[in-house]
2 protein chains.
Amino acid sequence: MERNLSLNLHVLTARLDRAADRILRAEHGISYSRFLALTLVGELGASTQRTLADYLGVTEPSVSRMTGVLAADGLLDVQPDPAGGNRRRLSLTDEGKRRVASIRQEFEDRLAAVVAESGVPYAEYAEHTARLLTTFDRLEREAGK
Amino acid sequence: MERNLSLNLHVLTARLDRAADRILRAEHGISYSRFLALTLVGELGASTQRTLADYLGVTEPSVSRMTGVLAADGLLDVQPDPAGGNRRRLSLTDEGKRRVASIRQEFEDRLAAVVAESGVPYAEYAEHTARLLTTFDRLEREAGK
DNA sequence: GGCGCTAACTTAGCAAGCTAACTTAGCCAG
DNA sequence: CTGGCTAAGTTAGCTTGCTAAGTTAGCGCC
């Protein structure tokens, strides 16, 4: 097996995630996973654990544990949904908002710098990646998952 | 935050890995991680744990544990390197070879089908991904990490 | 020939993903 | 109005990443 696409994607992403995690822990005292969760709640409006799991691409138990930790750390507010159902309403605490705001732009700039350095056209690569994700989601849904 | 590149890469890869893992477990009784390790030993000639860790993009302790499990399962042969040093010589057992051979082509075909379905040009995307990986590796090495 | 150096590997413990199975809440059909 | 269904969330236990720290083997220099 030469180093094919699936392996390269796997390794590239693993390294990006690990680097992101190292930087965030060292400079901001938070893991990459938790940062992503807070960001999605704050800026994409992930308002229930189910929705957040979909946005992150992980399962409900994973989110369940993480929201517990984030709530205990005082970054996330988790409340029963007043509209009823068994849902939780997620929102950032003031401390959570402060954290996310202080990190986001600087962090994204660092990734863009790597892409620029590589000579890969950012917009095109981003669009291809987005398209693969959309297609893969659709195929999985059609397959009944 | 819109769904930017780093998040899309993270989620796309997580889903590909999970799908690969599900398929391999259900149809072949092996995890994706272990399949990758066996494949790299068998076909790229990863002959020590250090080399295998580099190919996989993970750390030595992770490989150390995995080679132990694979050896216990009778798929991998782990021996002290007769050439001396503290190295281990890795090689597939007959059972390990049989396993890898029966899986590889069918599995790669499935991924190629997803890419084709999405309309993303495979060769170009693969090349961009490879280039990003190379650049990122270089930047990390230069940074002293 | 022993001291320190480096490289490869192991051990221990933590983080965060997963699946399986369970609980809780609302909804609807008889 | 109850018994079953579905959706959301939780709990338990496994896998496989990680870092930090320790071990083992050869190598070089005095």
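Chain letters run A, B, ... following the sequence lines, proteins first and then strands; every chain starts at 1. What you see below is based on every heavy atom in this structure, not just the backbone, and it leaves out hydrogens, waters and symmetry mates.
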*Report the distance from atom CG of Leu90(B) to atom P of dC9(C), rounded to the nearest whole Å.*
7 Å
_Can you tell me if Arg18(B) touches the phosphate of dC18(C), counting only side-chain N or O atoms and a distance under 4.0 Å to OP1 or OP2?_
yes
Is there any protein nitrogen or oxygen under 3.5 Å from a nitrogen or oxygen in nucleotides 23-29 of chain C, and what are the pairs?
{"from": "dT24(C)", "atom 1": "O2", "to": "Asn86(A)", "atom 2": "ND2", "distance (Å)": "3.3"}
{"from": "dG26(C)", "atom 1": "OP1", "to": "Gly85(A)", "atom 2": "N", "distance (Å)": "3.4"}

*Closer than 4.0 Å, any side-chain N/O of Gln49(A) to the OP1 or OP2 of dT10(D)?*
yes
*asked:* Between P on dC9(C) and CE on Met66(B), what's the gap in Å once rounded to a whole number?
replied: 13 Å
*Does Ser31(A) place a side-chain N or O at less than 4.0 Å from the phosphate oxygens OP1/OP2 of dA15(C)?*
no
*Can you tell me how far P of dG17(C) sits from OH of Tyr32(B), to the nearest Å?*
19 Å
*Using only heavy-atom distances, decide whether a donor-acceptor pair under 3.5 angstrom links the side-chain of Arg65(A) to the base of dA16(C).*
yes
*Are any non-hydrogen side-chain atoms of Thr67(B) and Arg88(B) less than 4.5 angstrom apart?*
no
_Where Ala71(A) and Val78(A) come nearest, the two heavy atoms and their spacing_ = CB-CG2, 4.1 Å
*Using whole Å, report how far CD1 of Ile30(B) lies from C1' of dT15(D).*
14 Å
_Which nucleotide in dC18(C), dT16(D), dC9(C) has an atom nearest any side-chain atom of Glu60(B)_ = dC9(C)
*Would you check if the distance from the ring center of His10(B) to the ring center of Tyr32(A) is below 6.0 Å?*
yes
*d(CZ, Phe35(A); P, dA16(C)) in whole Å*: 15 Å
*Rounded to the nearest angstrom, tell me the gap between atom CG in Leu24(B) and atom P in dT15(D).*
16 Å
*Using a cut-off of less than 4.0 Å, is there contact between a side-chain N or O of Thr59(A) and OP1 or OP2 of dC18(C)?*
yes
*From the list dT16(D), dT19(D), dA8(D), which nucleotide is the closest neighbour of the side chain of Arg87(A)?*
dA8(D)
_Contacts of Ala126(A) that satisfy side-chain contact (heavy atoms from CB on, under 4.5 Å) - sequence neighbours left out_ = Tyr122(A), Leu5(B)
_Most 5' of Pro61(A) and Arg25(A) on DNA chain C, judged by nearest nucleotide_ = Arg25(A)
_Taking any heavy-atom pair under 4.0 Å as a contact, classify Ser62(A): base, sugar-phosphate, or nothing._
base
*Counting side-chain heavy atoms from CB outward, which of dT11(D), dC18(C), dT19(D) is closest to Ser64(A)?*
dT11(D)
*Think Arg34(A) has a side-chain N or O under 4.0 angstrom from the OP1 or OP2 of dA16(C)?*
yes
*Are any of the side-chain heavy atoms of Met66(B) and Leu76(B) separated by less than 4.5 Å?*
no
*asked:* Nearest whole Å is fine: how far is dT19(C) P from Arg22(B) CZ?
replied: 7 Å
Which atom pairs, one a donor and one an acceptor, fall under 3.5 Å between side chains of residues 128-135 of chain B and the rest of the protein, sequence neighbours left out?
{"from": "Thr129(B)", "atom 1": "OG1", "to": "Tyr125(A)", "atom 2": "OH", "distance (Å)": "2.9"}
{"from": "Thr129(B)", "atom 1": "OG1", "to": "Tyr125(B)", "atom 2": "O", "distance (Å)": "2.9"}
{"from": "Arg131(B)", "atom 1": "NE", "to": "Glu127(B)", "atom 2": "OE2", "distance (Å)": "3.1"}
{"from": "Arg131(B)", "atom 1": "NH1", "to": "Gly119(A)", "atom 2": "O", "distance (Å)": "3.4"}
{"from": "Arg131(B)", "atom 1": "NH2", "to": "Glu127(B)", "atom 2": "OE2", "distance (Å)": "3.3"}
{"from": "Thr134(B)", "atom 1": "OG1", "to": "Ala130(B)", "atom 2": "O", "distance (Å)": "3.0"}
{"from": "Thr135(B)", "atom 1": "OG1", "to": "Arg131(B)", "atom 2": "O", "distance (Å)": "3.0"}

*Distance, rounded to the nearest Å, where Asp21(B) contributes CG and dG17(D) contributes C1'*: 13 Å
*Could you tell me whether Asp94(B) and Arg98(B) make a salt bridge, using a distance below 4.0 angstrom between a side-chain N and a carboxylate O?*
no
*Are Leu90(A) and Asp77(A) side-chain neighbours, meaning at least one heavy-atom pair lies under 4.5 Å?*
no
*asked:* Side chain of Thr48(B) only, heavy atoms from C-beta on: which candidate in dC9(C), dA16(C), dC18(D) is closest?
replied: dC9(C)
